[in-house]
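Report on one structure; see the data block that follows.
As the structure is a computational prediction, the values presented were derived from the model and not from experiment. Here, residue 1 is the first one in the sequence, and each next residue gets the next number. Both ligands and their constituent atoms are indexed starting at 1 by order of listing.
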Amino acid sequence: MKLEIYESEHHLALALASAVAGAIRRQPDMVLGLPTGRTPIALYGELVRLTCREGLDWSRVRTFNLDEFVGLSAETPGSYRSFMHQHLFAHVNLAGRHIGFLDGLAADVEAECDRYERAIAAAGGIDLVILGIGANGHIGFNEPAPALASRTHRVALEDESRAGNALWFGGDAARVPREALSMGMATILNAREVVLIATGEGKADAVAAMIRGGITTELPASFLQLHPHVTVMLDEAAAGDLR
Ligand code: F6R
């Protein structure tokens with residue numbers, strides 16, 4: 001794993017936004033895997049600024065988000081689809097048909113997960129997946145468990161993960177859906193390149209375990225040790241337990 005430590009969340013966002021913009025310029029039809037959450041907000045802000053300033057062209061880029069809550073429509077506040085609209089999609093010239101998202105209202109969940117896997121494969125796989133990390137070591141919504149699902153699947157969220165998402169539901173963890181659909185571990189590990197971003201001291205334990213600990217299903221992010229092209233981008237606080 002390549003490790004990069006930045007003096008602030010802002011510096012990290014600047015560096016990654018500039019790397020993503022460079023990648024899009026080199027490969028205008030690239031396929032991106034994208035996270036939601038508190039951590040990537042600064043990244044999306046920088047990408048939008050850079051797009052306006054430099055006229056970055058997203059018209060051929062394709063995206064697949066990592067996950068979505070079960071039971072929420074794309075328009076419902078709190079859904080990851082509405083988060084992405086607010087922070088990125090509404091501000092860049094991504095074609096609607098190029099935006100891949102799991103449907104939280106799908107009646108047939110298994111068919112929806114299969115559709116997502118097929119759509120990713122039809123796009124030629126993911127070139128670059130950007131990940132956050134949960135304080136419990138989850139990536140996407142692959143929660144710590146005795147066994148991990150390899151492909152896109154339905155998942156019951158841990159209380160810690162629901163608490164981590166309370167922000168999008170008026171600060172009330174009880175309003176966070178109990179289930180989500182998530183790319184699986186193999187779906188993520190099949191991406192040609194992985195960048196994991198983490199900021200704040202609340203992530204320091206999980207980050208240190210991911211880098212220094214053994215590979216274990218109880219810390220799903222530790223499986224990134226198996227991937228040949230992973231960059232971990234941290235601010236000082238998230239790197240606190242590595243020193
Ligand atoms: C969300 C996702 C999650 C988050 C993680 C960190 O799409 O994939 O794994 O990246 O829960 O969330 P924040 O950034 O809110 O701390």
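Looking at Ile133 against ligand 1, only its backbone comes within 4.0 Å, counting heavy atoms. With a 4.0 Å heavy-atom cut-off, ligand 1 is reached by the side chain of Leu66 but not by its N, CA, C or O.
Interface of Gly37 with ligand 1, defined as ligand atoms under 4.0 Å from a residue heavy atom, comprises 14 (O), 15 (O). The Gly140 neighbourhood of ligand 1 comprises atoms 2 (C), 3 (C), 8 (O), 9 (O), with distances under 4.0 Å to a heavy atom of that residue. Near Lys203, meaning under 4.0 Å from any of its heavy atoms, are these atoms of ligand 1: 6 (C), 13 (P), 16 (O).
The single protein non-hydrogen atom nearest to atom 14 (O) of ligand 1 is Thr39 OG1, 2.4 Å, given as residue, atom name and distance. In terms of protein heavy atoms, atom 10 (O) of ligand 1 is closest to Gly132 CA, 3.2 Å.
With Arg38, Glu143, Glu68, His138 as candidates, the residue nearest to atom 5 (C) of ligand 1 on a non-hydrogen basis is His138. Counting heavy atoms only, Asp67 comes closest to atom 8 (O) of ligand 1 of the residues Asp67, Val129, Thr36.
With hydrogens and angles disregarded, no donor-acceptor distance shorter than 3.5 Å links the side chain of Gln225 to the backbone of Ile215. The closest donor-acceptor contact from the side chain of Arg162 to the backbone of Val176 lies under 3.5 Å. Listed for the His227 side chain is a donor-acceptor partner under 3.5 Å among the backbone atoms of Ala191. When atom types are taken as modelled, the side chain of Thr39 and the backbone of Ala198 share no donor-acceptor pair closer than 3.5 angstrom.
Rounded to the nearest 0.5 angstrom, Asp235 CG and Glu201 CD are separated by 10.0 Å.
When side chains are defined from C-beta on, Met1 counts as touching Met210, because their heavy atoms get closer than 4.5 Å.
Around CG of Asp114, the count of heavy atoms belonging to other residues, nucleotides or ligands within 6.0 Å exceeds 12.
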